[in-house]
Each structure stands twice: as C-alpha cells, then as structure tokens.
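In what follows, every chain begins at residue 1, and chains take the letters A, B, ... in the order their sequences are listed.
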Protein chains: 2
Amino acid sequence: MAIPRAAKTQRRTRIQEEKEEQILEAALDVFSVSGFRGSTIDQIAEVAGMSKPNLLYYFRTKEAMHRALIDRVLFTWLEPLRAFNAQGNPESEIRGYIRRKLEMARDFPRESRLFANEVLQGAPHIEDELKGPLKELVDEKAAVIRAWAKAGKIVKCDPYHLIFSIWSTTQHYADFDVQVRAVLGQGQSGEGRFEDAARFLEQLFVDGLSVRPNQPAS
Amino acid sequence: MAIPRAAKTQRRTRIQEEKEEQILEAALDVFSVSGFRGSTIDQIAEVAGMSKPNLLYYFRTKEAMHRALIDRVLFTWLEPLRAFNAQGNPESEIRGYIRRKLEMARDFPRESRLFANEVLQGAPHIEDELKGPLKELVDEKAAVIRAWAKAGKIVKCDPYHLIFSIWSTTQHYADFDVQVRAVLGQGQSGEGRFEDAARFLEQLFVDGLSVRPNQPAS
DNA sequence: TGTAATGTTTACCAGTCGGTCAAATTATCC
DNA sequence: GGATAATTTGACCGACTGGTAAACATTACA
C-alpha cells in the first residue's frame, strides 16, 4: 500500500518536488486562461504530460491544486508593493512601483490572469487573502503615501485609489492583452508596447495631461 | 409541428420578446460571473425561472445565447467612447469620458465583467469585434486626441495608451469590485467609493501627482 | 369555437466532469 | 538482490454537461 500523500510524509522526495512543480506549472497555464470553474483536471493533466490519477496522487482535489497555486504565486505577486519604500523619494518610489508592476505584467502575465480570473468571479477562493494580508499591506503603504501628501512631497490624493489606479493600468497589459493587441494592430503590438506604456504611465502619474504654461523647464 | 425558432419567424411574438429578454437577463447574470466555459445552461435556466429545453427553444445553443448577449451589450458599452466629441474642449471631453465610463462601471458592472471574462480568456468569441468595430472606433478617437496634442491643447502623449488607462482605471471598479471592497474595508466600501474614485481619477488625469510650485492658483 | 401555430415539459442521450480503486510498476535503502 | 515504500496506470463510478425527441399545453386568429 502507500498513500502517504505529500502532506503526510515528513520529507519530500525528489520526484515529489519535480512532479508538483510540473503540475503547478501546467495548472497555471490552464487556470489562468479558463478560471477555476472553466478548467478541468483532464486539461491540466494533459498539459502536465501525466495521467489524471497520477495528478490526483499529488493533489487530492482540483481545489487543492488551485489553493497551492494561489499560495505559491501570491507572495511573489505582492513583492513590488512590499518593496515600496517609506524612506525613499516619493516620486521615484511611485515611478519605481509602476515600472515594477509593468514588468510583472510583461513577464508574468499568467499569474496576473490567474488572480484576475479569480477576483472577477467573486474571489470565492481567496477572499481571506484579500481581506487579510493584502488589505494589511495596502493599509500600510497607503499610510506612507498619505504622510507624503501631508508633508507636501506629493499632491494630496486618496492613496487607496492611487494604488488601485496603478494596479489597473499596469495589469491591464497582462489581463487584457488580446484587446490591447487587437486595438494596436499588427504594427504596434510587438514587445515595444510595454515601453510605450511605461513612458505614457510615467507621464500620466507624474504630470497628468493638462498643459501647464508655468511649469519650469527641466 | 412547429420549431420555427425565433430566427425563422418573420415577426416576433410578444412571448418571444419577453422570454428572450428574460433569458438574456439571466445569461448576463451567469456569464458575467463564470465566463463562457464556466457557465452552464442549467444555471441560466434556473436564474431565468424556466426549464432548460424551454430555454433552448429560444436559443439553440449556449453559444447562440452568448453571441446574442454580446451583440446586444457591445453597442451600449461603446457609447461613452462614441460620445467623445472632437469639437469639444479637450480637457472637459476627457473628463466627461472618464465620468461616463465610471458611471457605467457603477451602473452596469455585469456588462463590464462579461467583457472582462471574455477578453481575459483570450476573447475566443469576440475577436472579430475587437479587431473590427472596436479598433476602428479607437483609431478614430485616437486621431482626435493626437490632433489636440499637436495643437498644444493637451500634453503630447500616446493616445492609445491614454484610452487604455481610462478603460482600465474605470472598469477596475466593476471588474475587481470584491477586491476594492476588501481593501477599503467595511467603512469605505459603500457607494461613496465611486465618488472618491471620480475625484481621484479627475485629479490624476488632469494634473498628475507631482507638486508644482509654479502652478497658477485657480 | 375550432384549429393551426406557438410554446412548454418530461424523459432521455452520449459525452465529460471530478474523483476512486486496486493492480502494476518503479525507486529506495538495507 | 530483495523487501518495502513510492509512484503510475487503466478501469471504473455517479453526477453533471449540452442538447434532442416527442408528447403535451397554450395562444392567436379566422
């Protein structure tokens, strides 16, 4: 017999590590496109190149796979916000945050879509994470931004909505990639679009759109 | 016999109109939450309060229902962009566009999520609409914005990315509603959040975030 | 009021879904 | 090399999926 499924064994086998890695990689592929309900274990098994029962040997249920995937990805996903530094220069911190978020949208679009799918569908599996760790982190950084505004280092604005706007504008390029490509057309939908986006967003967040005749030349 | 399904009859019955309306309403409820793959005809039938075969009497397939829903909603959805007026004042046109998009996110969140789900999952059913009508409309309005910038009425920026940023920031409040609520917490997640968002976005798009000592007092 | 067209329901189908089981295979370690 | 534990597989299950067939009920209209 056997069935000391991953959880029960104290030490994880080489095979266990490899296969779990393989499965989560495939799961990311599938879940990020079709969401939890729209994805099937068979699809994931096929992408992972193993049989369904074999996959279920490592993760007892579809939910467990999804859970493990979310847990693994969430930490990385919040890294850019965590790196947001209270001691730094406000403008360059915000600029840096936008840049890092945009890089993640470019380099990890599947991770972005995984969360987008989940949140869009009502976040039935990650509500706790949103209300707990995420909220706490945002609260902390919002306080920093508010302090900057109070000290006159930055314009007075709602820090929460500022963070939302950075999330939405940057993640848009991962989550709505097909739309962005469709609208930009053949010519501009290459990788250069991320540099264009970075340039635009920097301009937007720093100076806005209106022409200001009195602005000192830089 | 019978089965002159909706399509075949030249004139639509009162019952047909009512029932199709009822079905599409239910379909919007379901598709906007679970996406196409994740939704089932049974769910829609239950929400619509009718039996599955009855529902399939009006729409032959799940795809047909989705198609009809998309077609009906797309026109409305693009209305704010269509209303964007080349002859108007640039700043107030952009401001107005943001406001109208935000109102739509508030008043028609299901419609927003329907498209978000679809695009997020690779837009398998609306690719033609994106590359056709949508792209044309955006191209047209982008040209207007570019002309404004050239005339010095607005700061020089990439008009496409400007439009993307307006889409993303406003639709965020519909698509990621649960996340917004979770982060804002009990206190601020009431309807007032839309007014806060409007205030912030107006500020962002007009003036950006940096403090400008030379700006003339208004 | 009768009847033909329209609308609704029950019963059903084949394929897919998440998941189980026991047997077979492979790795590990003495 | 052999015992033991870990891994993999094929066959299978009941529930659900999108969709159909035909009987039944209702409506519209002459």
Ring centres under 6.0 Å, that's the criterion: do Y173(B) and H161(A) meet it? yes
Within the pair [X] and [N], is there a side-chain N or O less than 4.0 Å away from OP1 or OP2?
| X | N | answer |
| --- | --- | --- |
| Q16(A) | dT7(D) | yes |
| S51(B) | dT8(C) | no |
| K62(A) | dC17(C) | no |
| K19(B) | dT8(C) | yes |
| N54(A) | dT9(D) | yes |

Using the side-chain contact (heavy atoms from CB on, under 4.5 Å) definition, which of the options I44(B), L114(B), T40(B), D42(B) pairs with V30(B)? I44(B)
In whole angstrom, give the distance that lies between atom [atom1] of [X] and atom [atom2] of [N].
| X | N | atom1 | atom2 | answer |
| --- | --- | --- | --- | --- |
| M65(B) | dG18(D) | CE | P | 10 Å |
| L55(A) | dT9(D) | CG | P | 11 Å |
| Q22(B) | dG7(C) | CD | P | 13 Å |
| E18(B) | dG7(C) | CD | C1' | 13 Å |
| H66(A) | dC17(C) | NE2 | C1' | 17 Å |
| E17(A) | dA6(D) | CD | P | 15 Å |
| R60(A) | dT7(D) | CZ | P | 14 Å |
| E46(A) | dT9(D) | CD | C1' | 17 Å |

With a 4.0 Å cut-off, would you call E129(A) and R67(A) a salt bridge? yes
Ionic contact status for D177(B) with R193(B), cut-off 4.0 Å: yes
Please report the interatomic distance NZ(K52(A)) to CD(Q43(A)), rounded to the nearest 0.5 Å. 11.5 Å
Could you state the interatomic distance from OG (S165(B)) to CG (L204(B)), rounded to the nearest 0.5 Å? 8.0 Å
I'd like to compare against my own output: the B/S/- annotation of nucleotides 21-30 of chain D with a strict under-4.0 Å heavy-atom distance to protein. -------S--
Specify the residues of residues 23-43 of chain B, ordered by number, for which at least one heavy atom lies under 4.0 angstrom from an atom of DNA chain D. S39(B), T40(B), I41(B), D42(B)
From the candidates dG19(D), dG19(C), dT7(D), the one with an atom nearest any side-chain atom of L56(A) is dG19(C)
Of all the choices, dT8(D), dG19(C), dG7(C), which nucleotide is nearest to the side chain of Y57(B) once you look at every atom? dG7(C)
Heavy-atom closest contact (R37(A) atom, G38(B) atom, distance): NH1-O, 3.0 Å
Ignoring hydrogens, what is the shortest heavy-atom contact between L201(B) and I98(B)? Give both atom names and the distance. CB-CG2, 4.1 Å
Have a look at K52(B) and say if it touches a base, only the backbone sugar-phosphate, or nothing, with a 4.0 Å heavy-atom cut-off. base
Expected list for residues 72-83 of chain B: side-chain donor-acceptor pairs under 3.5 angstrom, two or more places apart:
residue	atom	partner	partner atom	Å
R72(B)	NH2	E21(B)	OE1	2.8
E79(B)	OE1	R82(B)	NH1	2.5
R82(B)	NH2	F75(B)	O	3.4

Can you tell me if Y160(B) and D139(B) form a side-chain donor-acceptor pair at under 3.5 Å? yes
